[in-house]
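Source: prediction; values computed, not measured.
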Amino acid sequence: MFKNKEKYSNFIKSEAKRLGFLSCGISKAGFLEEEAPRLEHWLNKQMNGQMSYMENNFDKRLNPTLLVDGAKSVVSLLLNYYPSEFQNQDSYKISKYAYGDDYHYVIKEKLKELLASIQENIGEVLGRAFVDSAPVLDKAWAAKSGLGWIGKNSNLLTQKVGSFYFIAELIIDLELEYDNPTTDHCGSCTACLDACPTEAIIAPYVVDGSKCISYFTIELKENIPQEMKGKFADWAFGCDVCQDVCPWNRFSKAHKEPLFNSIYEILSYSKKDWIALTEETFRIVFKDSPIRRAKFEGLKRNIDFLE
């Protein structure tokens with residue numbers, strides 16, 4: 001059994017590394033004072049589009065102590081997903097995070113193991129794991145714990161590895177040693193604003209989610225607005241443009257997680273193959289993929305819109 005905050009924190013970080021996480025940072029659980037007015041403004045301007053779930057649990061989204069009884073610490077973790085192989089050039093584009101198995105399940109298993117290890121080595125620690133599936137402001141907590149800064153494209157950026165990683169949290173009732181935020185290194189760069197095909201980045205650090213290609217191709221359930229025709233640059237599921245052009249992503253390195261290895265069809269399919277895709281093949285090939293979220297009908301809608 002460990003007996004002080006520094007040892008607890010060092011143990012958690014070493015276990016996170018053992019489990020394959022890119023990095024781990026820790027911050028004190030409490031109300032996100034700076035983020036509250038930003039979130040309220042973003043919602044009031046309806047930049048969430050039809051993502052109505054963003055309007056729910058406003059208070060919980062800003063305060064993890066309302067999500068986990070007795071919460072004292074937010075343990076933020078990054079898991080790299082940058083691929084070693086990329087799609088066929090003659091293909092509809094799929095966001096890199098969706099090349100392999102669904103990250104929700106992959107990361108949730110790692111977080112369960114991390115929490116079990118904490119309980120085994122530190123003692124009776126209660127907490128919950130979160131992977132993009134509850135009202136938690138992942139990027140805000142990761143930035144607060146020093147894992148990077150929130151860039152002009154609203155993604156978490158780091159100098160050493162860019163931004164192609166998932167963010168997850170363990171919120172626990174254990175007091176730990178807390179990390180400090182890092183500084184912003186976007187400088188005068190406007191690459192992401194200049195490159196966004198639909199001009200969804202309406203100002204530095206402000207993304208109108210209702211104009212984003214990822215929103216249209218994944219979240220939107222009805223027809224894509226005709227005024228967007230010709231602006232999608234062949235993206236059929238998600239969009240990586242604002243990350244691809246970010247200078248910090250020159251430092252991205254291929255992940256080492258076998259479950260994120262690319263599905264063969266994603267790498268090899270041509271546009272003709274995507275057009276010919278049947279519902280049965282979709283169910284078999286993408287049964288463990290994040291692409292399931294768009295459903296077969298949604299993916300076909302997206303491809304038809306690109307034609």
Side-chain angles (χ1 to χ4, degrees), residues 9-10 12-17 19-36 38-39 42 54 60-65 67-68 71-82 95-97 103-104 106-108 110-111 114-115 118 127-172 174 176-186 192 204-207 209 214 240 242-243 246 248-249 251-253 255 257 260:
S9 302
N10 288 339
I12 290 170
K13 289 179 180 180
S14 68
E15 281 295 279
K17 188 175 181 180
L19 289 166
F21 286 104
L22 193 64
S23 49
C24 173
I26 304 170
S27 44
K28 184 181 175 72
F31 182 67
L32 289 169
E33 199 169 329
E34 287 182 27
E35 282 73 17
R38 289 182 204 151
L39 178 59
W42 191 79
M54 294 292 296
K60 288 181 179 178
R61 206 171 285 277
L62 293 162
N63 191 347
T65 64
L67 279 172
V68 177
K72 292 187 171 64
S73 301
V74 179
V75 179
S76 293
L77 303 124
L78 306 182
L79 187 62
N80 183 20
Y81 66 80
Y82 192 72
S95 190
K96 295 175 191 64
Y97 84 84
Y103 64 96
H104 293 92
V106 177
I107 299 175
K108 207 66 175 269
K110 290 180 185 291
L111 291 180
L114 179 57
L115 184 57
I118 290 169
R128 285 178 64 190
F130 296 92
V131 188
D132 191 25
S133 57
V136 179
L137 293 178
D138 306 287
K139 290 180 281 191
W141 285 110
K144 195 175 173 69
S145 65
L147 296 183
W149 73 95
I150 296 177
K152 291 179 183 176
N153 59 4
S154 87
N155 286 316
L156 187 80
L157 304 177
T158 67
Q159 286 181 287
K160 292 181 181 177
V161 291
S163 63
F164 287 106
Y165 40 69
F166 300 113
I167 307 172
E169 300 81 31
L170 268 186
I171 299 177
I172 54 178
L174 177 68
L176 296 165
E177 192 170 64
Y178 302 123
D179 297 301
N180 296 312
T182 186
T183 49
D184 186 313
H185 296 277
C186 283
C192 57
Y205 309 102
V206 183
V207 175
S214 289
D240 289 335
C242 68
Q243 296 193 83
C246 177
W248 293 112
N249 276 319
F251 303 107
S252 298
K253 294 189 174 88
H255 67 78
E257 173 52 63
F260 290 159

Practice task
Walk me through it: do W141 and L32 pass the test side-chain contact (heavy atoms from CB on, under 4.5 Å)?
Solution key: CA-CA 9 Å; W141 285 110; L32 289 169; 3.5 Å; yes
Exercise for the section: Hey, could you give me the OG/NZ distance between S252 and K96, rounded to the nearest 0.5 Å? Expected result: 8.5 Å
Exercise for the section: Determine, step by step, whether C24 and I12 satisfy the side-chain contact (heavy atoms from CB on, under 4.5 Å) criterion, reporting the C-alpha distance in whole Å, the side-chain angles of both residues, the deciding distance to 0.1 Å, and the verdict. Expected result: CA-CA 8 Å; C24 173; I12 290 170; 4.3 Å; yes
Handout entry: D184 and Y205, any side-chain heavy atoms less than 4.5 Å apart
Key = yes
Problem - Carboxylate-amine/guanidinium contact E257 K110, below 4.0 Å - result: yes
Exercise for the section: Flag the pair V68 / I172 as yes when at least one side-chain heavy-atom distance between them is below 4.5 Å, and no otherwise. Expected result: no
Problem - Pairwise distance CD(E177) to OG(S73) - rounded to 0.5 angstrom - result: 11.0 Å
Handout entry: Gap separating the CG atom of D138 from the CG atom of L156, nearest 0.5 angstrom
Key = 10.0 Å
Exercise for the section: Can you see which heavy atom on I167 is nearest to which on K139, and at what distance? Expected result: CD1-CG, 3.6 Å
Handout entry: S27 OG to I171 CD1 distance, which is reported to the nearest 0.5 Å
Key = 9.0 Å
Practice task
Give a yes or no answer on whether the side chain of N155 reaches the backbone of Q243 with a donor-acceptor pair at less than 3.5 Å.
Solution key: no
Practice task
Please work out whether the ring planes of Y82 and F164 are parallel, tilted or perpendicular, with thresholds of 30° and 60°.
Solution key: tilted
Practice task
Would you mind reporting whether K72 and L176 have side-chain heavy atoms less than 4.5 Å apart?
Solution key: no
Handout entry: Contact summary for G30 and N63, nearest pair of heavy atoms
Key = C-OD1, 3.6 Å
Handout entry: Backbone of I26 reached by a side-chain donor or acceptor of D179 within 3.5 Å
Key = yes
Practice task
Compare all side-chain heavy atoms of L170 with those of I118 and state whether any distance is below 4.5 angstrom.
Solution key: yes
Practice task
Please report the closest heavy-atom contact between A71 and P64, naming both atoms and the distance.
Solution key: CB-O, 4.0 Å
Exercise for the section: Check the pair L79, F21 against side-chain contact (heavy atoms from CB on, under 4.5 Å), reporting the backbone distance first and the verdict last. Expected result: CA-CA 5 Å; L79 187 62; F21 286 104; 4.0 Å; yes
Completion exercise
CG (N180) and NZ (K144) are apart, to the nearest 0.5 Å, by 10.0 Å
Handout entry: Sub-4.5 Å side-chain heavy-atom contact between N249 and S163
Key = yes
Exercise for the section: Examine distances only and state if a side-chain atom of S23 and a backbone atom of L78 form a donor-acceptor pair shorter than 3.5 Å. Expected result: no
Handout entry: Exercise: do Y178 and S9 side chains pair donor with acceptor under 3.5 Å
Key = no
Problem - Close side-chain approach of H185 to L157, heavy-atom, < 4.5 Å - result: no
Practice task
Could you give me the CA-CA distance, side-chain angles and deciding distance for D132 and H104, then say whether side-chain contact (heavy atoms from CB on, under 4.5 Å) is met?
Solution key: CA-CA 7 Å; D132 191 25; H104 293 92; 3.9 Å; yes
Problem - Close side-chain approach of L114 and L77, heavy atoms under 4.5 Å - result: yes
Handout entry: Residue pair F251 / K160, side-chain heavy-atom distance below 4.5 Å
Key = no
Handout entry: Backbone of V131 reached by a side-chain donor or acceptor of K108 within 3.5 Å
Key = no
Practice task
Identify the residue among F166, Y97, Y103 that makes a ring pair (Phe, Tyr, Trp, His ring centres under 6.0 Å) with F260.
Solution key: F166
Problem - Check: L22 main-chain N/O paired with N80 side-chain donor or acceptor under 3.5 Å - result: no
Exercise for the section: Working to the nearest 0.5 Å, report the span between NZ of K152 and SG of C246. Expected result: 10.5 Å
